[in-house]
Protein chains: 8
Amino acid sequence: MKVGIIMGSKSDLPVMQDAADICKEFGVDFEITVVSAHRTPDRMFSYAKEAASRGIKVIIAGAGGAAHLPGMVASITTVPVIGVPVKSSNSIDGWDSILSILQMPNGIPVATVALNAAKNAGLLAVQILSTAKPELAKKMQTYKDTLRAKVEETAAEMES
Amino acid sequence: MKVGIIMGSKSDLPVMQDAADICKEFGVDFEITVVSAHRTPDRMFSYAKEAASRGIKVIIAGAGGAAHLPGMVASITTVPVIGVPVKSSNSIDGWDSILSILQMPNGIPVATVALNAAKNAGLLAVQILSTAKPELAKKMQTYKDTLRAKVEETAAEMES
Amino acid sequence: MKVGIIMGSKSDLPVMQDAADICKEFGVDFEITVVSAHRTPDRMFSYAKEAASRGIKVIIAGAGGAAHLPGMVASITTVPVIGVPVKSSNSIDGWDSILSILQMPNGIPVATVALNAAKNAGLLAVQILSTAKPELAKKMQTYKDTLRAKVEETAAEMES
Amino acid sequence: MKVGIIMGSKSDLPVMQDAADICKEFGVDFEITVVSAHRTPDRMFSYAKEAASRGIKVIIAGAGGAAHLPGMVASITTVPVIGVPVKSSNSIDGWDSILSILQMPNGIPVATVALNAAKNAGLLAVQILSTAKPELAKKMQTYKDTLRAKVEETAAEMES
Amino acid sequence: MKVGIIMGSKSDLPVMQDAADICKEFGVDFEITVVSAHRTPDRMFSYAKEAASRGIKVIIAGAGGAAHLPGMVASITTVPVIGVPVKSSNSIDGWDSILSILQMPNGIPVATVALNAAKNAGLLAVQILSTAKPELAKKMQTYKDTLRAKVEETAAEMES
Amino acid sequence: MKVGIIMGSKSDLPVMQDAADICKEFGVDFEITVVSAHRTPDRMFSYAKEAASRGIKVIIAGAGGAAHLPGMVASITTVPVIGVPVKSSNSIDGWDSILSILQMPNGIPVATVALNAAKNAGLLAVQILSTAKPELAKKMQTYKDTLRAKVEETAAEMES
Amino acid sequence: MKVGIIMGSKSDLPVMQDAADICKEFGVDFEITVVSAHRTPDRMFSYAKEAASRGIKVIIAGAGGAAHLPGMVASITTVPVIGVPVKSSNSIDGWDSILSILQMPNGIPVATVALNAAKNAGLLAVQILSTAKPELAKKMQTYKDTLRAKVEETAAEMES
Amino acid sequence: MKVGIIMGSKSDLPVMQDAADICKEFGVDFEITVVSAHRTPDRMFSYAKEAASRGIKVIIAGAGGAAHLPGMVASITTVPVIGVPVKSSNSIDGWDSILSILQMPNGIPVATVALNAAKNAGLLAVQILSTAKPELAKKMQTYKDTLRAKVEETAAEMES
């Protein structure tokens with residue numbers, strides 16, 4: 001029961017690392033690598049075709065510009081795919097990667113998160129795995145409690 | 001093991017029905033109702049707070065305009081939430097609902113699908129449930145095979 | 001007769017402080033704190049539900065990205081809510097927060113001001129309070145006179 | 001204690017009528033007329049200058065395209081101004097009127113509502129007046145209760 | 001020496017037919033079929049891998065929404081690929097298909113034409129083939145002369 | 001025969017100075033000052049009403065954000081008005097000032113130039129004045145010849 | 001002293017006719033024809049080169065999509081050019097023609113009016129000619145008086 | 001058999017140099033110079049008219065803002081034209097150059113590549129020439145193999 005984190009280019013790593021960090025924080029097994037839809041289409045095909053049999057239960061795919069990686073992987077596997085639009089250089093403010101990932105045709109969904117939001121992709125992967133592993137839902141509740149506590153602390157400071 | 005389908009307004013039903021139809025097609029238990037973040041905030045809170053304990057494993061939430069329903073439900077529950085941006089009347093070409101659902105802050109993901117893509121929301125819900133129920137992955141493979149076969153048939157016609 | 005200034009995150013404070021400064025300048029009582037729709041939904045509910053009874057007459061709510069705070073607070077209280085779209089990091093040029101705040105459905109208005117325009121939110125709050133407190137309208141006239149005088153001074157310099 | 005409803009062109013009336021209807025529904029005194037910033041600039045100046053002394057407590061101004069009416073009126077009066085972006089023919093999907101009304105400079109706020117949302121402008125005017133007239137806040141609560149009840153009724157039907 | 005015309009869905013045919021018509025008009029050999037990147041990824045791979053050896057010299061690929069077909073085919077073949085953004089239903093005014101096709105990363109170009117401009121895709125294919133077949137350049141000159149003559153005729157009418 | 005250059009705020013001067021420089025270069029009389037539609041509406045009215053009688057033949061008006069200055073001046077005077085959209089801080093990439101200036105309703109034109117293009121506003125003013133003063137058209141031809149010569153020089157260098 | 005009205009295609013005539021009608025209404029001499037930058041580049045060059053010597057004092061050029069006609073004509077002549085962005089079929093909501101006409105580089109201005117606003121182009125041409133012919137300024141004042149009177153009449157009806 | 005690389009301004013050279021570098025890398029003859037549609041329209045005409053007879057087989061044209069160079073050259077020659085939208089200063093995030101180049105009318109195609117993607121323009125030129133020179137297709141395959149190998153190397157590092 002593993003999360004597969006892939007990205008179109010090594011330059012996406014500073015963004016995508018957040019997904020790996022969330023997996024670590026929740027004790028979820030993961031692997032992370034580069035798979036380019038455009039420069040390594042065969043590798044992308046193999047990756048997507050073999051993912052399920054290798055025990056991968058969720059794929060997180062990040063890419064920028066005309067971002068085809070999440071959608072192409074989703075077209076090949078039955079494993080749920082989370083897409084992370086990455087705001088790369090020469091991107092048009094991120095609109096290109098957002099629309100290339102989000103606007104998938106009927107039949108092939110990609111679970112899209114916000115621009116550069118690899119952290120949320122990690123959290124969504126944990127939520128998906130919690131369907132089969134209820135203890136992850138409990139950890140998620142604790143995570144949310146921590147978020148809440150931090151805001152309350154900040155609020156207390158600001159009000160004082 | 002149930003999918004909860006909610007929408008901000010009854011006028012979203014023609015779009016959201018597609019999610020219910022996919023659940024039926026895959027033999028997945030579901031319920032469908034109206035929950036408005038803005039007109040029934042208490043109902044929305046109760047719905048989100050009780051979803052997990054009522055056996056709901058995935059929530060599909062559709063809304064238009066300044067679409068707060070998916071994100072607010074996601075903020076309250078640990079169950080994964082799929083957001084469907086609905087292109088309502090007076091919407092600005094759908095940009096408002098897309099950005100209101102997609103651009104969630106770190107900590108609270110919403111799995112966003114394409115504009116009006118309730119069908120894909122249903123399919124994504126099935127994929128998420130397949131984490132715990134492997135037979136759903138098999139059905140998903142069959143579904144994909146059917147999509148493929150239809151295209152191949154069309155192609156054969158066009159080529160002949 | 002108090003203005004409640006809230007923001008989704010402490011990182012919004014450099015923007016939102018302007019609203020507080022206007023309140024001070026006009027001698028209007030105010031309180032300022034952090035209330036996150038997504039990380040502290042219960043706190044947001046309590047805040048909105050109790051605002052009126054605590055003497056708050058106008059709420060100024062600032063948030064970035066998928067900005068749900070102003071709209072959700074407006075859905076719970078009858079107090080007028082002024083929304084300040086904040087251009088946060090990873091925002092898509094501010095479009096996300098503008099549309100998430102502005103495009104509220106019929107029944108639940110939010111008085112939206114320009115991107116990052118917390119100063120204008122403060123001034124609008126003063127104008128709203130002047131409905132009940134006519135001396136505030138006079139102060140507002142003086143404020144406008146000062147704006148005018150400054151432009152005239154600049155003009156005189158440039159023309160000389 | 002009156003609401004002044006103005007619009008840039010008679011063609012905006014089908015949209016702006018909603019604001020008048022809300023005033024009627026809440027028993028709030030109002031007047032409605034055409035004031036064009038571009039075709040009747042003198043009339044616009046007089047209207048704005050005399051509004052306060054004529055007992056107008058809130059101005060609702062609707063306009064399309066390069067919509068200057070709400071902002072210009074706000075620059076002249078101290079009365080709070082609610083701006084309604086109207087999606088006119090030849091508008092660029094409403095973006096022009098939204099940005100022309102919303103993006104006011106520091107010092108001169110306009111309380112902007114959603115595209116074509118004259119109903120919300122009316123409700124916001126009522127909320128503003130409720131600062132001085134608490135019974136309007138009660139009516140607003142009743143209004144919200146009705147919205148809630150209608151959604152709950154629809155939900156009950158859909159669930160049955 | 002053949003042009004391969006492919007499209008993601010049969011519903012793109014009314015647009016893509018224009019490319020075929022241009023081929024016919026210029027006496028250029030072509031084939032036309034449906035190849036879906038998302039529903040028939042294997043077919044798309046085979047098509048792209050075998051295109052060159054089957055004598056295809058230019059590929060025209062049309063697709064709507066998150067349009068991955070042109071870019072994926074370009075990633076697999078060395079044959080030049082012309083991309084036609086198709087404005088499908090549920091498209092966001094065509095922005096999604098334009099950006100998904102145009103914004104390809106360095107290394108993998110797609111020659112993108114205007115929204116729905118399959119006619120121009122056909123003409124561009126003819127121009128590309130004219131590199132090897134100079135008589136096509138002559139035909140293209142004649143085509144341009146005809147366009148010019150038609151405008152001049154219209155002008156003469158309008159001026160008279 | 002004078003050009004009146006006005007701007008909404010002193011902060012627009014670094015952009016608007018270019019218009020003044022062109023006037024100097026072409027020996028055209030001009031005056032330059034600050035006139036704010038929003039902070040000095042009366043001054044704006046007087047300026048526009050008296051412009052023609054003071055010998056002003058063209059007005060160049062620059063403003064940012066919800067830029068009402070060019071359109072309001074155009075509504076009051078019969079003198080042609082050139083609008084310069086200024087990309088101010090907190091502008092939404094300049095879209096707000098462009099649309100607020102460009103999208104004027106039928107009856108009241110503003111001659112809009114590109115974002116921050118005060119130089120082109122100056123050149124357009126010279127072209128307009130050349131209608132009455134043919135020697136300006138000659139100077140404009142010389143100006144164009146210089147532009148051409150510079151490009152040809154650069155080209156010669158690059159080609160060598 | 002003549003206005004030259006040109007358009008890229010006969011299909012622009014229903015929009016561009018408004019410019020001709022304004023010329024007629026103001027008793028200004030004009031000619032109207034089709035000149036396509038893309039299909040008749042030589043004709044466009046001749047038209048622009050000879051315009052001044054043929055007595056044309058202002059050129060109104062309308063075009064849709066990648067609208068190059070106004071800018072190219074402006075690059076060749078010293079006569080002021082007014083650009084009318086036309087919302088053609090397959091246009092992307094008019095954004096393409098607006099930006100292609102408006103965003104001219106330094107040195108070559110085009111006086112851009114609103115989308116489809118050929119009427120305003122006609123009025124602007126009259127204003128430009130009034131620089132040399134003061135009686136046109138008087139007619140323009142009368143025109144504005146009529147616009148004002150119509151609004152006042154409508155207002156009187158609505159108020160009664 | 002030569003590629004002609006042209007750009008609207010010397011300031012585009014840092015972007016356009018990439019196209020020249022690709023030509024060098026593939027051993028393709030090329031020339032590079034400045035041709036401005038707006039400042040040197042005659043030069044642009046001559047360049048386009050003589051290109052084919054001078055042995056130019058593909059033209060790569062880069063320009064920013066209201067980018068008319070690629071489209072105008074395409075209107076004059078029968079040689080295929082590749083357009084590179086350049087994100088210049090005062091551009092509106094590149095949208096202006098993209099739409100000015102991409103949205104060409106039926107009859108006159110421009111092969112548009114991504115924003116600032118002169119490298120891809122160079123590669124596309126090589127692909128076009130490979131129609132007549134099969135050895136270029138082999139080199140292109142080697143180029144793609146190198147891209148693939150680099151990604152695989154990066155992947156191996158990241159996985160280790």
Side-chain angles (χ1 to χ4, degrees), chain D residues 7-12 34-49 61-78 81 83 85-112, chain F residues 7-12 34-49 61-78 81 83 85-112:
Chain D
M7 65 205 78
S9 157
K10 201 188 168 180
S11 63
D12 301 328
V34 175
V35 176
S36 167
H38 297 127
R39 287 171 294 153
T40 60
D42 286 302
R43 177 174 161 80
M44 186 265 285
F45 251 65
S46 314
Y47 185 92
K49 277 203 171 131
H68 299 175
L69 182 65
M72 284 311 301
V73 167
S75 78
I76 300 167
T77 184
T78 60
V81 175
V86 176
K87 188 170 174 175
S88 53
S89 67
N90 282 337
S91 168
I92 308 176
D93 286 315
W95 291 114
D96 39 15
S97 46
I98 286 178
L99 293 177
S100 300
I101 294 176
L102 183 73
Q103 284 294 98
M104 288 293 290
N106 269 337
I108 318 288
V110 167
T112 313
Chain F
M7 65 205 78
S9 156
K10 202 188 167 178
S11 63
D12 301 328
V34 175
V35 176
S36 166
H38 297 126
R39 287 170 295 154
T40 61
D42 286 301
R43 176 175 163 80
M44 185 266 282
F45 252 63
S46 314
Y47 185 91
K49 278 204 171 131
H68 299 176
L69 182 65
M72 284 312 301
V73 167
S75 78
I76 300 167
T77 185
T78 60
V81 176
V86 176
K87 189 170 174 175
S88 54
S89 65
N90 282 336
S91 168
I92 307 175
D93 286 315
W95 291 114
D96 39 15
S97 45
I98 285 178
L99 293 176
S100 300
I101 293 176
L102 183 72
Q103 285 293 99
M104 289 294 289
N106 269 337
I108 319 287
V110 167
T112 312

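Letters go in sequence order (proteins before strands), and every chain restarts at 1.
For A66(D) against S100(F), the heavy-atom pair with the smallest separation is CB-O, 3.3 Å. Contact record, A37(F) with S75(D): O-OG, 3.6 Å, taken as the closest heavy-atom pair.
Within residues 104-111 of chain F, the residues that have a heavy atom under 4.5 Å from a heavy atom of chain D are M104(F), P105(F), I108(F), listed by number.
Residues satisfying the ring pair (Phe, Tyr, Trp, His ring centres under 6.0 Å) criterion with H38(D), sequence neighbours excluded, are H68(D). Listed by chain and residue number, S11(F) satisfy the side-chain hydrogen bond (donor to acceptor under 3.5 Å, both in side chains) test with S9(F) (two or more places apart in sequence, or in another chain). Under the rule for a side-chain hydrogen bond (donor to acceptor under 3.5 Å, both in side chains), the partners of D96(D) that lie at least two apart in sequence or sit in another chain are S91(D), Q103(F).
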Test log, rule side chain to side chain contact (heavy atoms under 4.5 Å, CB included), inputs W95(D) and W95(F) | CA-CA 9 Å; W95(D) 291 114; W95(F) 291 114; over 6 Å; no
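Heavy atoms of I98(F) lying under 4.5 Å from chain D are absent altogether. For a residue to count as touching a neighbouring chain, one of its non-hydrogen atoms must lie under 4.5 Å from one of that chain's; by this rule D42(F) touches chain D with backbone and side chain alike. Heavy atoms closer than 4.5 Å to chain D are found nowhere in A63(F), neither backbone nor side chain. Using a 4.5 Å cut-off between heavy atoms, I92(D) touches chain F through backbone and side chain atoms alike.
Ranked by non-hydrogen atom pairs under 4.5 Å with chain F, the options A48(D), G65(D), P41(D) are led by P41(D).
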